[in-house]
2 protein chains.
Amino acid sequence: MPTRKPTPDGVARPRLTVMRDVAKLAGVSHQTVSRVLNNHPNVREETRARVLDAMRSLNYRRNLAARTLVTRQSDTLGIIGFETTLFGPASMLHGIESAARDAGYMVSIASVRDLDRRQVLEAVDRLTQHSVDGVIAIAPKQSVTHALAQAPPSLQCVAVGGAGESDAAPTVSIDNALGARLATQHLLDLGHATVHHAAGPPDWPESAERIEGWRRTLYAAGAVVPPVEHGWWDAESGYEQGHALARDPSVTAVFCSNDRIALGVLRALHEAGKRVPDDVSVVGFDDMPDSGFFVPPLTTVHQDFGELGRRSLALLLEHMTHTPAAELPPPNHVLVSPQLVVRASSGPARPDCTRT
Amino acid sequence: MPTRKPTPDGVARPRLTVMRDVAKLAGVSHQTVSRVLNNHPNVREETRARVLDAMRSLNYRRNLAARTLVTRQSDTLGIIGFETTLFGPASMLHGIESAARDAGYMVSIASVRDLDRRQVLEAVDRLTQHSVDGVIAIAPKQSVTHALAQAPPSLQCVAVGGAGESDAAPTVSIDNALGARLATQHLLDLGHATVHHAAGPPDWPESAERIEGWRRTLYAAGAVVPPVEHGWWDAESGYEQGHALARDPSVTAVFCSNDRIALGVLRALHEAGKRVPDDVSVVGFDDMPDSGFFVPPLTTVHQDFGELGRRSLALLLEHMTHTPAAELPPPNHVLVSPQLVVRASSGPARPDCTRT
DNA sequence: TGCGCGCCTGTGAACGTTAACACGTAGACG
DNA sequence: CGTCTACGTGTTAACGTTCACAGGCGCGCA
């Protein structure tokens with residue numbers, strides 16, 4: 001009697017308990033079970049209790065595939081990831097996931113190896129087939145945001161962690177310009193004549209915005225704007241840029257586009273015999289977990305990746321539930337403010353180098 | 001005619017194209033479309049082409065929810081994660097995800113805040129409701145593996161990255177004992193009388209296994225086994241342990257349970273005026289992305305987290321497709337070998353400290 | 001010629017859920 | 001006392017796919 005179908009090959013699939021079983025045990029119809037499950041108001045309290053009991057005693061689990069089939073929503077969100085192995089993206093992913101769980105959503109990930117339009121659209125496609133209700137792209141480059149704009153309009157997308165201010169999709173990002181300004185101004189305030197910059201890759205908006213913020217701050221202070229070298233986001237790149245900087249005696253302060261670059265710069269300066277912060281001050285960006293234990297502990301701009309993730313989820317949810325009829329539409333761009341964390345790698349300029 | 005249902009409220013859902021539409025356009029039955037989609041052999045070449053054309057011109061996407069409902073498999077794998085913000089777990093996650101994609105699977109994540117049995121089982125439950133075909137747990141502690149054993153037997157689970165050799169579930173892990181031996185022996189070979197150890201948390205198998213490997217190696221070499229201090233996995237903990245080690249003049253070599261601890265130890269030694277490697281040699285574990293740019297560049301034990309992820313996926317797939325009838329069952333435990341990477345933080349012992 | 005056996009295709013019935021509608025009862029209100 | 005509405009519940013029909021089975025057609029072989 002438990003198996004309804006004799007399955008000709010003899011290997012019976014382990015018939016799982018469904019609504020009808022619960023209904024039979026509770027002495028109601030399957031629809032009532034459904035109502036209990038979906039917290040429909042019109043169910044007598046006593047009936048509800050009986051159904052709940054039956055569910056418990058049968059260890060019933062609702063089949064979400066069936067539910068998705070008919071409701072066309074899966075309570076699942078998709079995440080498009082890139083380089084999720086790095087601290088920043090990994091933290092955002094985690095922030096999104098944990099906020100999603102609290103909101104009752106499951107999270108599926110689809111990473112891409114490169115950020116070109118084709119791969120991003122492919123990822124969107126994979127997620128669509130799994131009928132996700134919305135998508136968050138951890139999208140450091142603008143190509144992603146543009147690709148997102150080509151997604152089917154029925155699918156809400158949000159980009160997090162790259163450039164702000166794109167009209168292609170709602171975005172959540174750090175105020176990179178502000179961060180750069182905090183770092184640069186901090187060094188100027190310490191009396192440095194100017195601040196050099198060890199930049200990240202030129203085609204990443206995060207890098208570009210930090211350069212712009214740094215440049216503007218110097219300009220506003222009437223300081224010379226030194227030329228910029230570009231590199232990748234890692235310590236090796238910082239090491240190379242650091243060598244060049246160490247050779248130039250006029251360099252007394254360096255703002256690095258992230259903490260890993262700063263680590264490389266610190267090592268290059270150390271090898272060149274320059275003391276930090278006595279000879280040269282160094283400031284990073286990100287506040288990675290252990291940057292407080294570099295030699296010396298790194299002054300840096302803290303960004304809260306987890307918060308970024310949570311905010312992007314909140315924004316996505318707002319856009320998903322927003323109906324044209326509602327009064328005020330959710331914002332299209334959210335900017336999160338970073339904070340300066342002063343530690344030991346930045347200090348006052350030597351008297352002979354102070355700007356006039 | 002496109003909308004079949006006039007939807008009384010006037011808001012017509014955007015009827016999406018389904019198999020029947022494709023079938024009609026191609027002049028076949030929906031079942032034939034299904035066959036084409038599933039690469040069934042018995043379809044005439046010309047028919048297949050016609051169906052494919054129709055699918056393209058209608059921009060057809062198969063509805064996976066419906067497919068899951070009837071086949072009871074979702075082509076989705078579940079991942080239970082913990083602290084996925086750290087480099088190791090993040091890399092494993094990425095390794096799993098990218099291998100899963102190549103194998104045609106989607107990946108859903110369910111992280112837990114703590115590793116107790118209840119939360120892990122809750123995560124399994126969430127994944128089960130979304131009818132995942134299998135589960136990989138990034139499971140550094142044994143409680144996870146035990147919890148996994150309580151999952152419904154129809155659900156294949158694999159644990160990765162913690163202790164090897166648990167009978168509760170198949171596991172994939174690094175040979176921590178071997179790694180510890182490589183590090184310790186390397187230092188002994190450099191002439192150090194003995195090797196001190198800055199350990200991780202005592203209740204993590206990874207930490208315990210490294211201690212054991214280190215202890216065994218010292219014992220085999222007839223060296224004194226110094227007492228162990230425990231800490232957490234971060235640089236702060238290494239910094240604290242490093243202070244104590246710096247005070248003890250007999251310390252000439254330190255093996256750290258991971259690179260972050262090593263970073264803290266390096267800073268503590270630096271502040272105490274000890275030179276590395278001239279006065280004290282330091283070896284880490286993990287080979288994090290930038291450990292080659294610490295001051296000095298860190299000698300460490302490299303573990304390939306991505307490989308760990310890929311192997312765990314492969315093992316899961318083997319266990320999932322394995323039928324009792326098949327000749328040899330897949331292995332229950334896979335051990336991946338780490339490798340020693342010698343850089344500048346380890347060097348020969350000072351003559352007066354060489355062991356006799 | 002007749003029979004069997006491959007190939008290719010179509011028809012109907014699942015899968016487990018929610019949506020739409022219908023029905024019966026009880027209280028409110030004219 | 002009739003009608004209207006709200007509530008609680010059951011019945012039936014989707015949702016879009018795959019599975020099981022039934023044919024038709026062509027070919028080889030007795």
Side-chain angles (χ1 to χ4, degrees), chain A residues 3-24 26-51 55 58 60-75 128-131, chain B residues 3-24 26-51 55 58 60-75 128-131:
Chain A
T3 49
R4 178 181 28 215
K5 193 165 41 175
T7 45
D9 57 348
V11 189
R13 309 201 249 184
R15 250 277 272 110
L16 42 101
T17 62
V18 299
M19 272 193 181
R20 201 186 5 241
D21 303 324
V22 177
K24 198 185 297 175
V28 296
S29 76
H30 65 113
Q31 177 59 11
T32 298
V33 177
S34 171
R35 277 190 268 255
V36 169
L37 223 42
N38 297 317
N39 290 315
H40 194 94
N42 292 352
V43 178
R44 215 193 327 160
E45 206 43 59
E46 187 232 316
T47 313
R48 181 188 305 276
R50 224 168 51 233
V51 169
M55 296 203 314
L58 291 177
Y60 168 75
R61 301 283 109 118
R62 120 215 277 173
N63 182 325
L64 285 182
R67 174 183 218 250
T68 300
L69 179 58
V70 49
T71 61
R72 283 174 195 198
Q73 54 154 356
S74 57
D75 288 356
T128 308
Q129 290 201 31
H130 284 262
S131 48
Chain B
T3 47
R4 178 178 29 211
K5 193 166 39 175
T7 45
D9 57 347
V11 188
R13 309 202 250 186
R15 252 274 275 110
L16 42 103
T17 62
V18 299
M19 272 196 181
R20 206 193 356 248
D21 304 323
V22 177
K24 198 185 296 176
V28 295
S29 76
H30 65 113
Q31 177 58 17
T32 299
V33 177
S34 171
R35 275 190 269 256
V36 169
L37 224 42
N38 296 317
N39 289 315
H40 193 95
N42 290 353
V43 178
R44 215 198 321 164
E45 204 43 60
E46 187 231 314
T47 313
R48 180 188 306 276
R50 220 167 54 231
V51 169
M55 294 201 319
L58 291 178
Y60 168 74
R61 300 282 111 114
R62 122 217 273 171
N63 182 324
L64 286 182
R67 175 183 216 251
T68 299
L69 177 58
V70 47
T71 62
R72 285 177 195 199
Q73 53 155 355
S74 57
D75 288 358
T128 308
Q129 289 202 31
H130 284 263
S131 50

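Numbers restart at 1 for each chain; the letters A, B, ... are given by sequence-line order, proteins then strands. Below, each value reflects all heavy atoms present in this structure, side chains not excepted, and no hydrogens, waters or symmetry copies.
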For this session: Quickly work out the Met19(A) CE to dG10(D) C1' distance and round it to whole Å.
Result: 15 Å

Exercise. Closer than 4.0 Å, any side-chain N/O of Thr47(B) to the OP1 or OP2 of dT9(C)?
Worked result: yes

For this session: Would you kindly give the CD-to-P distance between Gln31(A) and dC23(C), to the nearest whole Å?
Result: 17 Å

Problem set entry | Ser131(B) backbone acceptor or donor facing Ser74(B) side chain under 3.5 Å | yes

For this session: Report the distance from atom CG of Leu58(B) to atom C1' of dG16(D), rounded to the nearest whole Å.
Result: 15 Å

For this session: From the options dA20(D), dC8(C), dT18(C), select the nucleotide whose nearest atom is closest to the side chain of Asn42(B).
Result: dC8(C)

For this session: Taking only the side-chain heavy atoms of Arg62(B) (C-beta and beyond), determine which of dT12(D), dT18(D), dC15(D) contains the nearest atom.
Result: dT18(D)

Problem set entry | Arg72(A) CZ to dT17(C) C1', straight-line distance once rounded to whole Å | 14 Å

For this session: Using only heavy-atom distances, determine whether the side chains of Asn63(A) and Arg72(B) contain a donor-acceptor pair under 3.5 Å.
Result: no

Problem set entry | Any N/O donor-acceptor pair, Arg35(B) side-chain to dG10(C) base, under 3.5 Å | yes

Seminar exercise, completed: Of dT9(C), dT17(C), dC15(C), the nucleotide closest to the side chain of Val43(B) is dT9(C)

For this session: Please tell me which of the listed nucleotides, dT17(D), dT12(D), dC8(C), lies nearest to the side chain of His30(A)?
Result: dT12(D)

Seminar exercise, completed: Assert: residue with more 5' nearest nucleotide on DNA chain C, out of Glu45(B) and Leu69(B), is Glu45(B)

Exercise. His40(B) has an atom NE2; how far is it from atom C1' of dC8(C), in whole Å?
Worked result: 9 Å

Problem set entry | Thr68(A) (side chain) donor-acceptor with Leu64(A) (main chain) under 3.5 angstrom | yes

Exercise. Do any N or O atoms from the side chain of Asp21(A) and from the backbone of Val18(A) form a donor-acceptor pair under 3.5 angstrom?
Worked result: yes

For this session: Would you please confirm or rule out a distance under 4.0 Å between OP1 or OP2 of dG16(D) and any side-chain N or O of Tyr60(B)?
Result: no

For this session: Look only at the side chain of Arg50(B) and the backbone of Ala26(B), and say whether a donor-acceptor pair between them is shorter than 3.5 Å.
Result: yes

For this session: Taking only the side-chain heavy atoms of Val70(B) (C-beta and beyond), determine which of dC15(C), dT17(C), dG10(D) contains the nearest atom.
Result: dC15(C)

Problem set entry | Rounded distance (Å) that lies between atom P of dG16(D) and atom CG of Leu16(B) | 5 Å

Exercise. Looking only at side-chain N and O atoms, does Thr68(B) come under 4.0 Å of OP1 or OP2 in dC15(C)?
Worked result: no

For this session: Between Asn63(B) and Ser29(A), just flag the one whose closest nucleotide in DNA chain D comes earlier from the 5' side.
Result: Ser29(A)

For this session: Would you kindly give the NE2-to-P distance between His130(A) and dT17(D), to the nearest whole Å?
Result: 14 Å

Exercise. Would one find a side-chain N or O of Arg67(A) under 4.0 angstrom from OP1 or OP2 of dT18(C)?
Worked result: yes

For this session: Indicate whether OP1 or OP2 belonging to dT18(C) is found under 4.0 Å from a side-chain N or O atom of Ser34(A).
Result: yes

Exercise. Which nucleotide in the list dC8(C), dG16(D), dG10(C) gets nearest to the side chain of Val18(B)?
Worked result: dG16(D)

Exercise. Side chains of His30(B) and Val22(B): does their closest heavy-atom pair fall under 4.5 Å?
Worked result: no

For this session: Provide, to the nearest angstrom, the distance between the CD atom belonging to Glu46(A) and the C1' atom belonging to dC7(D).
Result: 15 Å

